[in-house]
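Read through the structure below, which is laid out as structure tokens, and then see the notes.
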2 protein chains.
Amino acid sequence: MATIDDVARTAGVSKSTVSNVFSQKRPISKEVTERVLAAARKLNYRPNYWARSLANRTTRIIGLNMPGERVKFSLFHLSLMNGVLNECSLHGYRLLVNSLPKSYLNELPHVSSEPVDGDILLDPVEKDTRIAERIRKNLPVVVIGRPPGDFESKVSYVDNDNVANGENATQYLLRLGHNRILFLNASRYKTVSIDRGLGYRRSLEAAGVPFDPQLLIHKDPDMTSSSFGYSISKEMLMKLPDITAIITDTDKMALGVYRAASEMGIAIPDDLSVIAFSDDSVFAPEFNPPLTGIKLFGEQLGREAAKLLIDQCAAKQHSVKRILISTEMVERGSCAAASQNKGKIQGGMKNE
Amino acid sequence: MATIDDVARTAGVSKSTVSNVFSQKRPISKEVTERVLAAARKLNYRPNYWARSLANRTTRIIGLNMPGERVKFSLFHLSLMNGVLNECSLHGYRLLVNSLPKSYLNELPHVSSEPVDGDILLDPVEKDTRIAERIRKNLPVVVIGRPPGDFESKVSYVDNDNVANGENATQYLLRLGHNRILFLNASRYKTVSIDRGLGYRRSLEAAGVPFDPQLLIHKDPDMTSSSFGYSISKEMLMKLPDITAIITDTDKMALGVYRAASEMGIAIPDDLSVIAFSDDSVFAPEFNPPLTGIKLFGEQLGREAAKLLIDQCAAKQHSVKRILISTEMVERGSCAAASQNKGKIQGGMKNE
DNA sequence: CTGTTAGCGCCTTCAT
DNA sequence: ATGAAGGCGCTAACAG
């Protein structure tokens with residue numbers, strides 16, 4: 001590969017002139033520019049990205065960081081990423097997906113700074129160590145989701161109002177007359193599941209419905225959403241036949257619930273209402289019956305997060321911002337008023 | 001940020017010793033190592049990624065390259081990416097998603113080498129310029145999908161046998177007695193659509209069924225899969241009521257076909273058989289009726305591509321390899337034998 | 001407008 | 001096992 005020196009030599013100019021022809025940081029005469037460009041073309045030269053980064057102290061790359069060892073993007077992450085990518089391409093940033101396990105990064109030969117100007121952190125959990133690490137390294141960070149604890153006021157983030165989401169989903173079902181509502185929440189420790197769980201409890205309390213801990217279950221991180229939805233709803237509907245409504249974390253999880261219900265001869269929405277937190281607008285309407293849900297606008301979350309981060313990288317300023325993306329309840333056909341005789345139809349015992 | 005000099009100074013050793021403590025490229029005594037590490041910890045030092053890359057002439061980053069200006073990952077890309085990421089993390093590579101439009105990259109200030117050791121190219125098309133560009137820059141490349149024209153023998157690639165896939169799907173329907181089969185293919189110019197189209201025609205010819213150009217339609221790149229599937233199948237079923245089977249490019253497209261059929265009072269599979277090329281094992285079984293399809297194993301495609309590329313980066317060798325991932329026909333419930341009286345039921349004319 | 005001279009932070013011979 | 005010096009390719013500060 002030709003270097004800047006080669007070009008300078010064959011064009012008969014200095015390195016810095018070549019540099020400035022390419023970077024356009026200071027004006028170079030038309031003729032010289034032509035001469036340099038011709039030489040560059042001839043030598044098939046292009047500035048070396050890493051040498052440039054080293055001298056510039058910036059990479060124009062932002063990172064997308066997933067927690068956990070095995071990276072496994074979900075549909076929701078896909079939406080986020082599409083949003084992030086679109087914003088990136090608008091500002092000339094590249095996106096680095098961080099897939100390396102911590103264990104690897106801590107081995108001596110692999111210890112190094114990160115090749116990014118900043119990071120977007122996905123799926124924050126309580127006791128998330130990623131934020132503190134980056135603050136220590138003085139690396140710009142934007143979180144998608146609520147940062148845990150104190151960090152909420154220390155780093156910028158983009159989120160839905162998940163307490164409100166939990167409240168709204170629950171309230172919606174309460175209004176339909178359901179009072180035994182099973183909540184199949186996201187994995188424990190994720191701040192999103194904490195928030196939604198809180199919203200769920202608040203709505204119950206506001207309606208004077210006692211909170212039953214049995215009815216709030218966190219996803220098993222080792223299972224797929226749909227198989228978890230299937231097995232846990234089957235188990236719970238068996239054990240507590242007075243359950244008349246289920247809130248699920250995702251549309252895939254709802255799919256599992258649909259299957260369980262169908263196998264058990266439970267009709268949706270007549271005997272069981274289902275509502276999901278979801279971003280998908282393609283599959284949900286095609287469920288049978290179409291799935292009612294709260295739409296999260298993942299692409300927008302991603303876009304806003306990227307925008308915040310890129311701003312932060314460019315300005316090197318530390319104004320902490322918080323952006324809440326509003327959600328939208330989409331009523332389709334999976335929820336109905338609670339039927340009074342559900343318990344008997346199912347042959348189970350009612351608590352009331 | 002502390003540099004290697006700072007550490008060397010406070011540890012009372014030379015730069016090269018510090019370098020070797022971290023890189024472990026030559027043995028350093030236990031005591032000195034301890035001393036250096038202590039100094040590093042104290043100064044919060046970590047080797048600079050860019051400086052290292054510059055000196056090493058390698059980044060340990062591979063690129064994932066999408067064609068087109070607006071990046072929009074689909075479900076299938078998601079599978080690919082998960083595979084790529086898993087393989088990356090196994091070998092200590094990071095993944096850079098290439099999202100920058102060509103127009104941007106051609107502006108003078110942005111012209112530069114790519115910050116990657118090699119690239120995985122997605123969705124190759126006829127006349128794809130990306131491959132030649134990279135060969136010129138001497139950048140390792142692996143294509144997912146069949147490279148166009150001559151490049152097939154010049155670059156490594158991972159693909160399904162899409163001619164066979166096209167043949168198999170068609171043959172399957174022919175055996176069920178269908179002979180007016182609509183093929184809703186991927187976008188024109190994609191090598192995958194060319195291959196499948198070829199397979200489709202071959203099967204027809206082998207069965208002595210005349211090929212009708214009207215029945216082979218390429219996806220409109222500006223539409224979503226499902227809306228394309230919906231509108232085009234509605235139009236075609238109207239125009240040519242003797243169509244008794246449809247092959248779709250993806251499961252999302254099949255969803256559109258389902259909707260069109262339902263609106264038109266056409267029963268699947270009784271009046272219309274549907275088969276899709278698909279990677280999704282979550283939604284397809286939940287279609288009503290469950291969707292029959294040819295499973296593509298996207299994650300494996302991604303994994304193998306990453307493996308090939310990383311090999312190539314490490315070895316700097318140019319042995320061109322070709323890996324075909326076998327597919328699997330999954331029979332569910334969306335296909336049935338062609339009914340003899342379909343034309344009459346639909347009120348249309350039959351060709352026979 | 002252009003050239004000269006120092007770095008950016010690390011790695012790598014070649015010594016010892 | 002450790003040190004010294006030079007180089008990776010580019011940008012930046014200072015001249016003129």
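Keep in mind that the numbers below use all heavy atoms, side chains included, and drop hydrogens, waters and symmetry copies. Lettering follows sequence order; numbering is per chain, from 1.
Side chains of B:Arg303 and B:Asn86: no donor on one and acceptor on the other come within 3.5 Å.
Distance NZ/A:Lys15 to CZ/A:Arg9: 10.5 Å, rounded to 0.5 Å. Separating the OH atom in A:Tyr49 from the CD1 atom in B:Ile61 is a distance of 9.0 Å, to the nearest 0.5 Å. Remark: A:Ile4 CD1 to A:Thr17 OG1 distance equals 9.0 Å, nearest 0.5 Å.
B:Arg9 contributes no side-chain N or O that forms a donor-acceptor pair with the base of D:dG3 under 3.5 Å. Checked by distance alone, A:Arg57 brings no side-chain donor or acceptor within 3.5 Å of a matching partner on the base of C:dG7.
Each of C:dC8, C:dC11, D:dA4 was ranked by its minimum atom distance to the side chain of B:Ser16; first place goes to D:dA4. Here D:dC10 is the nucleotide among D:dC10, C:dT2, D:dG3 with the atom lying nearest to any side-chain atom of A:Tyr45. Relative to the side chain of A:Ser19, the nucleotides D:dT11, C:dT12, D:dA13 differ in distance, and D:dT11 lies closest. Of the candidates C:dT4, D:dA12, C:dG9, the closest approach to any side-chain atom of B:Thr3 belongs to C:dG9. Counting only heavy atoms from C-beta on, B:Arg52 has its side chain closest to C:dC10 among C:dT12, C:dC10, C:dC8. Out of C:dG9, D:dG9, D:dG3, the shortest distance to the side chain of B:Asn48 is found at C:dG9. Counting only heavy atoms from C-beta on, A:Arg26 has its side chain closest to D:dC14 among D:dC14, D:dG3, D:dT11.
Using a 4.0 Å heavy-atom cutoff across all strands shown, B:Lys25 reaches sugar-phosphate atoms only and no base atom. The residue A:Ser29 sits close only to the backbone: its heavy atoms come under 4.0 Å of sugar-phosphate atoms, none of a base. If you check every strand for non-hydrogen atoms under 4.0 Å, A:Val32 touches sugar and phosphate atoms only. Contact annotation for A:Ile28: backbone-only contact, meaning every heavy-atom pair under 4.0 Å involves sugar-phosphate atoms and none involves a base.
Atoms CG (B:Asn20) and C1' (C:dT13) sit 12 Å apart, rounded to a whole Å. For B:Arg35 and D:dT2, the CZ to C1' distance is 11 Å, given to the nearest whole Å. In this entry the distance linking CG of A:Asn56 with P of C:dG9 reads 13 Å, nearest Å. Computed from coordinates, the A:Ile4 CD1 to D:dG7 P distance equals 17 Å when rounded to whole Å. Here the P atom of nucleotide C:dC10 and the CG atom of B:Leu43 are 12 Å apart, to the nearest Å. In this structure, B:Asp5 places its CG atom 13 Å from P of D:dG3, rounding to the nearest Å. Rounded to whole Å, atom C1' of D:dT11 lies 17 Å from atom CH2 of A:Trp50. One atom, OH of B:Tyr49, and another, P of C:dC11, lie 12 Å apart when rounded to the nearest Å.
The shortest distance between the side-chain N/O atoms of A:Thr17 and the OP1/OP2 oxygens of C:dG3 is below 4.0 Å.
Scanning all heavy atoms of the two residues, the minimum distance from B:Pro47 to B:Arg52 falls at CG-NH2, 3.6 Å.
In terms of position along DNA chain D, the nucleotide closest to B:Pro27 lies nearer the 5' end than the nucleotide closest to the other residue of the pair B:Pro27 and A:Val18. Ranked by how close their nearest DNA chain D nucleotide is to the 5' end, B:Ser14 and B:Leu54 are led by B:Ser14.
A side chain to side chain contact (heavy atoms under 4.5 Å, CB included) with B:Tyr93 is found for one member of B:Ile310, B:Val84, B:Leu85 and no other, namely B:Ile310.
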